Amino acid sequence: MSKSKRRRGGGGKPVVARVDGGIVELVPDPERPRAWSLLIDGAPQSHIDLDDPEYLSFEYQRRLGHVVDLIAPPGRPLKVVHLGGGAFTLARYVAATRPRSTQQVIEVDAPLVEFVRERLPLDPGARIRVRAGDARAGLARIQDGWADLVIADVFNGARTPAHLTSTEFLAEVRRVLDPAGHYAANLADGPPLAHLRAQISTAATVFPKLALATDPAVLRGRRFGNVVLLASAVSLPIPEFTRRVAGDPHPGRVEHGRGLIDFAGGAAAVTDADAKPSPAPPPDIFR
């Protein structure tokens with residue numbers, strides 16, 4: 001059980017506790033009275049405004065929000081699997097923008113789940129089921145074709161675990177998806193972008209349609225950063241996704257089709273036998 005002073009929402013002082021993944025901290029947002037940033041060992045993980053769950057502060061979360069908005073007609077309920085919980089930011093976003101959606105959240109850090117549930121409570125009317133457990137093991141328990149969307153945002157010590165980077169993992173994701181479903185992942189990499197190129201090649205072995213969205217400086221290998229990978233067996237909403245990403249407060253770039261395959265540069269797909277965690281970020285990136 002996490003150990004910290006009990007408090008819910010709102011401004012005030014940071015709340016600190018120890019969870020399985022390290023030291024978790026809730027930092028109040030000075031500009032929003034009931035908004036918080038969630039950090040683990042100093043690395044930002046999530047931001048949530050309890051009064052406005054449709055507000056997405058982090059760039060990569062905003063891009064994942066665009067995916068949620070575009071893969072189905074507005075307001076239509078979705079069945080969503082979230083691999084990685086954080087502050088349940090995207091699950092709250094789906095519940096707010098697509099009422100009556102059914103969602104499953106799988107988070108390996110049980111004390112973190114308890115910490116977030118206690119201090120940033122979920123709407124009891126939202127159809128969000130949270131389970132503590134390994135993302136891949138939890139995915140194996142979901143029936144074939146159940147999900148409209150699987151979102152992967154899993155980091156352990158700021159690195160994606162190796163067993164969530166392979167073709168075998170993505171084959172399990174595709175099994176869980178409806179034939180017209182979508183997969184969206186938050187990846188992180190920096191120069192020389194070897195991990196990102198390998199992840200594109202890996203996804204291409206399982207999904208025929210791919211796109212990614214990120215800061216142009218990340219794509220050019222100038223800095224470390226987040227990349228949202230979108231994949232499906234059906235056509236992607238490229239024009240509108242591109243427009244929305246370009247119109248964000250921090251404009252991003254969408255790459256897809258032949259340009260994306262060329263960017264991958266023939267990198268080998270990753271299998272369970274040779275999988276590695278994603279690269280660690282530079283030590284000063286979160287300062």
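Along the sequence shown, the residues carry numbers beginning at 1. Remember, predicted model here, so these are calculated numbers, not experimental data.
At least one donor-acceptor pair closer than 3.5 Å links the side chain of Arg175 to the backbone N or O of Ile142. Between the side chain of Ser232 and the backbone N or O of Gly181, at least one donor-acceptor pair lies under 3.5 Å. Between the Arg253 side chain and the Ala246 main chain, no donor and acceptor come within less than 3.5 Å of each other. Put simply, the side chain of Thr202 gets close to the backbone of Val270: a donor and an acceptor are under 3.5 Å apart. Distance alone, capped at 3.5 Å, is enough to place a donor-acceptor pair between the Arg127 side chain and the Arg100 backbone. In terms of modelled atom types and a separation under 3.5 Å, the side chain of Ser201 and the main chain of Ala268 share no donor-acceptor contact. With Asp109 contributing its side chain and Asp20 its backbone, the two residues share a donor-acceptor pair below 3.5 Å. Judged by distance alone, the side chain of Glu25 and the main-chain N or O of Val16 form no donor-acceptor pair under 3.5 Å. Using a distance-only test at 3.5 Å, with no hydrogens or angles considered, a donor-acceptor pair links the side chain of Asp274 to the main chain of Thr271.
Ring pair Phe207/Tyr183 is parallel by interplanar angle, where below 30° counts as parallel and above 60° as perpendicular.
From Leu210, atom CG reaches atom CG of Leu230 across 8.5 Å, with rounding to the nearest 0.5 Å. Here CD of Glu114 is found 13.0 Å from CD of Glu107. Values are rounded to the nearest 0.5 Å. The CD atom of Glu31 sits 6.0 Å away from atom CG of Asp29, with the distance rounded to the nearest 0.5 Å. Atoms CG and CD1, from Leu38 and Ile48 in turn, are 11.0 Å apart once rounded to the nearest 0.5 Å. For the atom pair Asp51 CG and Arg34 CZ, the distance stands at 4.5 Å (nearest 0.5 Å). Interatomic distance, CD of Glu54 versus OG1 of Thr97, reported as 6.0 Å (0.5 Å rounding).
Inter-residue side-chain proximity for Ile71 and Phe241 is flagged as unmet; no heavy-atom pair is nearer than 4.5 Å. Side-chain contact between Trp36 and Asp49: absent, with no pair of heavy atoms (C-beta onward) separated by less than 4.5 Å. Side-chain contact check for Ile23 versus Ile40: every heavy-atom pair is 4.5 Å or farther apart. Residues Tyr93 and Arg98 are not in side-chain contact: their nearest non-hydrogen atoms beyond the backbone lie 4.5 Å or more apart. Contact of the Leu83 side chain with the Ile151 side chain is not registered, since no non-hydrogen atoms from C-beta on lie closer than 4.5 Å. Inter-residue side-chain proximity for Arg76 and Leu78 is flagged as met; some heavy-atom pair is nearer than 4.5 Å. With contacts defined as side-chain heavy-atom distances shorter than 4.5 Å, the pair Gln61/Ser46 qualifies. Contact annotation: the side chain of Ile106 never approaches that of His82 to less than 4.5 Å [non-hydrogen atoms, C-beta and beyond].
A donor-acceptor pair shorter than 3.5 Å cannot be found between the side chains of Arg129 and Gln103. Using modelled atom types, one finds no donor on one side chain facing an acceptor on the other under 3.5 Å when comparing His182 with Asp148. No side-chain N or O of Asp215 forms a donor-acceptor pair with one of Tyr60 less than 3.5 Å apart.
Nearest approach of Thr160 to Ser278, heavy atoms of both residues: N-OG, 2.7 Å. What you find for Pro53 and Leu56 is that their closest heavy atoms are O-CD2, 4.4 Å. When all heavy atoms of Thr167 and Ala269 are compared, the pair lying nearest together is CG2-CB, 4.0 Å. In terms of heavy atoms, Glu172 sits closest to Leu139 at CG-CD2, 3.7 Å. Closest non-hydrogen pair, Phe155 versus Ala188, comes out as CE2-CB, 3.9 Å. Closest of all the heavy-atom pairs between Phe263 and Ile200 is CD2-CD1, 3.5 Å.
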For this session: Determine, step by step, whether Gln45 and Asp153 satisfy the side-chain contact (heavy atoms from CB on, under 4.5 Å) criterion, reporting the C-alpha distance in whole Å, the side-chain angles of both residues, the deciding distance to 0.1 Å, and the verdict.
Result: CA-CA 9 Å; Gln45 302 289 324; Asp153 186 12; over 6 Å; no
For this session: Could you walk me through whether Arg63 and Asn186 pass the side-chain contact (heavy atoms from CB on, under 4.5 Å) test, one step at a time?
Result: CA-CA 10 Å; Arg63 290 162 187 161; Asn186 175 31; over 6 Å; no
For this session: Could you walk me through whether Glu240 and Arg243 pass salt bridge (Lys or Arg N to Asp or Glu O under 4.0 Å), step by step?
Result: CA-CA 5 Å; Glu240 183 62 15; Arg243 187 188 71 79; 2.5 Å; yes
Problem set entry | Working for side-chain contact (heavy atoms from CB on, under 4.5 Å), residues Val24 and Val15 | CA-CA 8 Å; Val24 62; Val15 183; over 6 Å; no
Exercise. Should Val68 and Leu149 be marked as a side-chain contact (heavy atoms from CB on, under 4.5 Å) after you check the CA-CA gap, both sets of side-chain angles, and the distance that decides it?
Worked result: CA-CA 8 Å; Val68 171; Leu149 175 63; 3.9 Å; yes
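Under a hydrophobic clustering in which Ile, Leu, Val, Met, Phe, Trp and Tyr are joined whenever their side-chain heavy atoms come within less than 4.5 Å, directly or via other members, Leu39 and Phe58 fall into different clusters. Cluster membership check: Val245 shares its hydrophobic cluster with Leu70, using side-chain heavy-atom separations under 4.5 Å among Ile, Leu, Val, Met, Phe, Trp and Tyr. In terms of hydrophobic clustering, with Ile, Leu, Val, Met, Phe, Trp and Tyr side chains grouped at heavy-atom distances under 4.5 Å, Leu90 and Leu164 are assigned to different clusters. Clustering ILVMFWY residues whenever any of their side-chain heavy atoms sit less than 4.5 angstrom apart, transitively, puts Ile238 in a cluster other than the one holding Leu229. Residues Leu196 and Leu64 do not share a hydrophobic cluster, defined by chaining ILVMFWY side chains whose heavy atoms lie under 4.5 Å apart.
Crowding of Arg131 atom CZ: a count of heavy atoms from other residues, nucleotides or ligands under 6.0 Å exceeding 12. Arg141 CZ: 12 or fewer foreign heavy atoms inside a 6.0 Å radius. Open room surrounds CG on Asn156; 12 or fewer heavy atoms of other groups in view lie less than 6.0 Å from it.
In this structure, Asp41 does not pair ionically with Arg18, as no charged nitrogen and carboxylate oxygen lie closer than 4.0 Å. Checked for salt-bridge contact, Asp248 and Arg244 miss the test: no charged N lies under 4.0 Å from a carboxylate O. Under 4.0 Å is where a charged nitrogen must lie from a carboxylate oxygen, and between Asp189 and Arg197 no such pair does.
The side-chain contact (heavy atoms from CB on, under 4.5 Å) test with Val94 singles out one residue from Val80, Ile128, Thr89, and that residue is Val80.
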